[in-house]
Amino acid sequence: MQKIDLESREYPTLLKQIKDPPPFIYFRGDWNPELFRETLSVVGSRRMTRYGETMAESLVRDIAGEGITVVSGFMYGIDATAHAAAVTVGGKTIAVMPCGIERIHPAYQEELYYKIIKTGGLIVSEYTGDSPPALWTYPRRNRIIAGLSPLLLVIEAGLKSGALITARLAEKQGKKIYAVPGPLTSAVSRGTAYLLNRGSTVVTGSKEILKEYGRSVAGAAAGKRGNVKTFLNRLQKDILRQLSREPMSADELTRALETSPQAVGAELTVLAIQKFLALQEGRYFLIDQDVPGCVYAD
């Protein structure tokens with residue numbers, strides 16, 4: 001079993017600085033100190049919504065695509081989505097387990113577990129072998145997630161959630177916290193609203209986070225749409241303008257734009273395929289508030 005001890009030169013510097021760093025880090029994968037040079041910890045709800053999933057995929061792809069290692073907790077929901085998004089763009093990610101590194105938990109994420117290792121990432125834990133998770137190992141594990149990065153990104157969280165526990169730990173560790181705003185009608189947006197009220201930084205796109213690492217937004221934005229200009233017709237542009245104010249159903253868009261349901265439906269399909277918007281609970285919302293490289297055609 002491979003491990004790094006607290007006295008090793010290769011032990012992550014940021015993790016060494018927390019109040020109670022684990023004396024040993026057990027790991028699977030190729031230990032490379034460069035993985036820990038620039039890191040971002042990402043946490044969120046296990047009961048993520050389609051909106052949360054879209055935001056996690058969009059933000060993490062930009063950030064991991066710029067060479068920043070994404071740290072998360074491997075649980076289903078936002079954690080797993082963040083790991084998968086990093087792997088998808090060829091980025092590196094570190095999964096911090098609430099159990100031993102030889103136990104895949106949850107078991108059905110076996111494919112993701114091995115993808116993380118295969119693409120140069122790490123599976124890490126302070127627990128040995130195939131030690132099972134327990135109620136107390138989850139919040140205990142969260143101090144490591146917070147400790148491995150200078151920043152914490154929270155994407156959806158309930159008022160009583162592991163994501164908020166991690167945020168409190170990050171706050172105690174003196175880390176900067178970013179939170180993704182969401183509708184207050186959603187139970188998994190109330191935790192992020194709580195964080196924003198306490199002074200966390202609001203996320204409106206990947207640009208704020210990339211700036212923390214001295215990265216240009218242009219690189220991430222260009223990678224999103226492959227530097228291909230997207231031409232939008234008048235109705236498509238009007239639809240995006242309406243959705244920039246608030247999520248709307250197809251019927252609401254039809255009334256607001258005073259056009260036919262068939263025309264709106266056709267353009268919504270096109271815009272969804274082009275990844276401008278997504279559907280949740282019968283309403284469409286924008287994936288990107290700012291669409292780089294767009295040329296609006298009349």
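Along the sequence shown, residues carry numbers from 1.
For the atom pair CE (Met97) and CD1 (Ile144), the distance works out to 12.0 Å, reported to the nearest 0.5 Å. Residue Ser8 holds its OG atom at 7.0 Å from NZ of Lys16, rounded to the nearest 0.5 Å. In this structure, Leu159 CG and Thr192 OG1 are separated by 9.0 Å, a value rounded to the nearest 0.5 Å. In this structure, the separation between CD1 on Ile101 and CD1 on Ile123 is 9.0 Å, given to the nearest 0.5 Å. Here the CD atom belonging to Glu66 is positioned 12.5 Å from the CD1 atom belonging to Ile209, to the nearest 0.5 angstrom. Interatomic distance, Ile94 CD1 to Leu40 CG, rounded to the nearest 0.5 Å: 11.5 Å.
Side-chain contact between Tyr11 and Glu7 is absent, with no heavy-atom pair separated by less than 4.5 Å. Two residues are said to be in side-chain contact when any heavy atoms from C-beta on lie closer than 4.5 Å; Ser58 and Met55 fail this criterion. Between Arg46 and Ile78 there is no side-chain heavy-atom pair separated by less than 4.5 Å. Looking at Val42 and Leu152, their side chains never come closer than 4.5 Å, going by heavy atoms from C-beta outward. Side-chain contact between Thr254 and Ser249 is absent, with no heavy-atom pair separated by less than 4.5 Å. When side chains are defined from C-beta on, Arg103 does not count as touching Tyr127, because their heavy atoms never get closer than 4.5 Å. Glu212 has its side chain within reach of Leu151: a pair of non-hydrogen atoms, C-beta onward, lies under 4.5 Å apart. Side-chain contact between Lys3 and Glu126: absent, with no pair of heavy atoms (C-beta onward) separated by less than 4.5 Å.
Of the possible polar contacts, none joining the Thr39 side chain to the Leu35 backbone as a donor-acceptor pair under 3.5 Å is found. A donor-acceptor distance shorter than 3.5 angstrom exists from the side chain of Ser200 to the backbone of Leu195, with no hydrogens or angles considered. Within the 3.5 Å criterion, the main-chain N or O of Gly73 finds a donor-acceptor partner in the side chain of Arg141. At distances below 3.5 Å, not a single donor-acceptor pair connects side-chain atoms of Glu267 with backbone N or O atoms of Val264. In this structure, Ser189 contributes its side chain and Thr185 its backbone to no donor-acceptor pair below 3.5 Å. Proximity of a side-chain donor or acceptor of Thr93 to a complementary backbone N or O of Gly121 within less than 3.5 Å is not detected.
For Ile25 against Pro12, the heavy-atom pair with the smallest separation is CD1-CD, 3.8 Å. The two residues Ile116 and Ala95 have their closest heavy-atom pair at CD1-CB, 4.1 Å. Residues Gly147 and Ile18 come closest through the heavy atom pair CA-CG2, 3.8 Å. Minimum interatomic distance between Leu164 and Gly191 (heavy atoms only, all atoms of both residues): CD2-O, 3.7 Å. Scanning all heavy atoms of the two residues, the minimum distance from Asp62 to Ser206 falls at OD2-OG, 2.7 Å. Taking all atoms of both residues into account, the shortest heavy-atom contact from Arg143 to Arg140 is NH1-O, 2.9 Å.
A single hydrophobic cluster is seen to contain both Leu240 and Tyr284, as judged by linkage of ILVMFWY side chains at heavy-atom distances under 4.5 Å, directly or through other members. Residues Met248 and Leu268 fall within the same hydrophobic cluster, defined by Ile, Leu, Val, Met, Phe, Trp and Tyr side chains chained together at heavy-atom separations under 4.5 Å. In the hydrophobic clustering of this structure, Ile145 groups with Leu148; members are Ile, Leu, Val, Met, Phe, Trp, Tyr whose side-chain heavy atoms approach within less than 4.5 Å, directly or through other members. Placement of Leu232 and Ile239 within a single hydrophobic cluster is found when ILVMFWY residues are connected by side-chain heavy-atom separations under 4.5 Å, directly or transitively. In the hydrophobic clustering of this structure, Ile68 groups with Val203; members are Ile, Leu, Val, Met, Phe, Trp, Tyr whose side-chain heavy atoms approach within less than 4.5 Å, directly or through other members.
Between Lys175 and Glu171, no side-chain nitrogen of the basic residue sits less than 4.0 Å from a carboxylate oxygen of the acidic one, so the salt-bridge criterion is not met. A salt bridge does not link Lys211 with Glu208: every distance from a Lys NZ or Arg NE/NH1/NH2 to an Asp or Glu carboxylate oxygen is 4.0 Å or more. For the pair Glu38 and Arg215, the salt-bridge criterion is met [side-chain N within less than 4.0 Å of a carboxylate O]. Looking at Arg50 and Glu53, a side-chain N of the basic residue comes within less than 4.0 Å of a carboxylate O on the acidic one, giving a salt bridge.
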Verdict with reasoning, Asp30 to Lys118, per salt bridge (Lys or Arg N to Asp or Glu O under 4.0 Å): CA-CA 9 Å; Asp30 295 324; Lys118 186 177 180 180; over 6 Å; no

Glu252 and Arg283: CA distance, side-chain angles, deciding distance, salt bridge (Lys or Arg N to Asp or Glu O under 4.0 Å) verdict: CA-CA 9 Å; Glu252 289 168 338; Arg283 283 184 164 77; 2.8 Å; yes

side-chain contact (heavy atoms from CB on, under 4.5 Å) between Leu243 and Phe276, worked out: CA-CA 10 Å; Leu243 295 180; Phe276 285 105; over 6 Å; no

Working for side-chain contact (heavy atoms from CB on, under 4.5 Å), residues Glu102 and Tyr26: CA-CA 10 Å; Glu102 293 176 8; Tyr26 301 94; over 6 Å; no

Steps toward side-chain contact (heavy atoms from CB on, under 4.5 Å) verdict (Val180, Leu153): CA-CA 8 Å; Val180 176; Leu153 171 61; 4.1 Å; yes

ring-ring contact (aromatic ring centres under 6.0 Å, His included) between Phe285 and Tyr51, intermediate numbers included: CA-CA 8 Å; Phe285 63 90; Tyr51 168 77; 5.4 Å; yes

Worked check of side-chain contact (heavy atoms from CB on, under 4.5 Å) between Thr201 and Leu196: CA-CA 7 Å; Thr201 303; Leu196 291 170; over 6 Å; no

Glu156 vs Thr49, side-chain hydrogen bond (donor to acceptor under 3.5 Å, both in side chains): CA-CA, chis, key distance, verdict: CA-CA 8 Å; Glu156 294 194 318; Thr49 64; 2.5 Å; yes

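Screening Leu14, Val154, Val71, Val96 against Ser41 for a side chain to side chain contact (heavy atoms under 4.5 Å, CB included) leaves a single residue, Val71.
In this structure, Phe74 and His83 have tilted ring planes: the angle between them lies in the 30° to 60° band.
Other residues, nucleotides and ligands contribute over 12 non-hydrogen atoms within 6.0 Å of the CD atom of Gln17.
For Phe36 and Trp31, the ring centers are positioned less than 6.0 Å apart.
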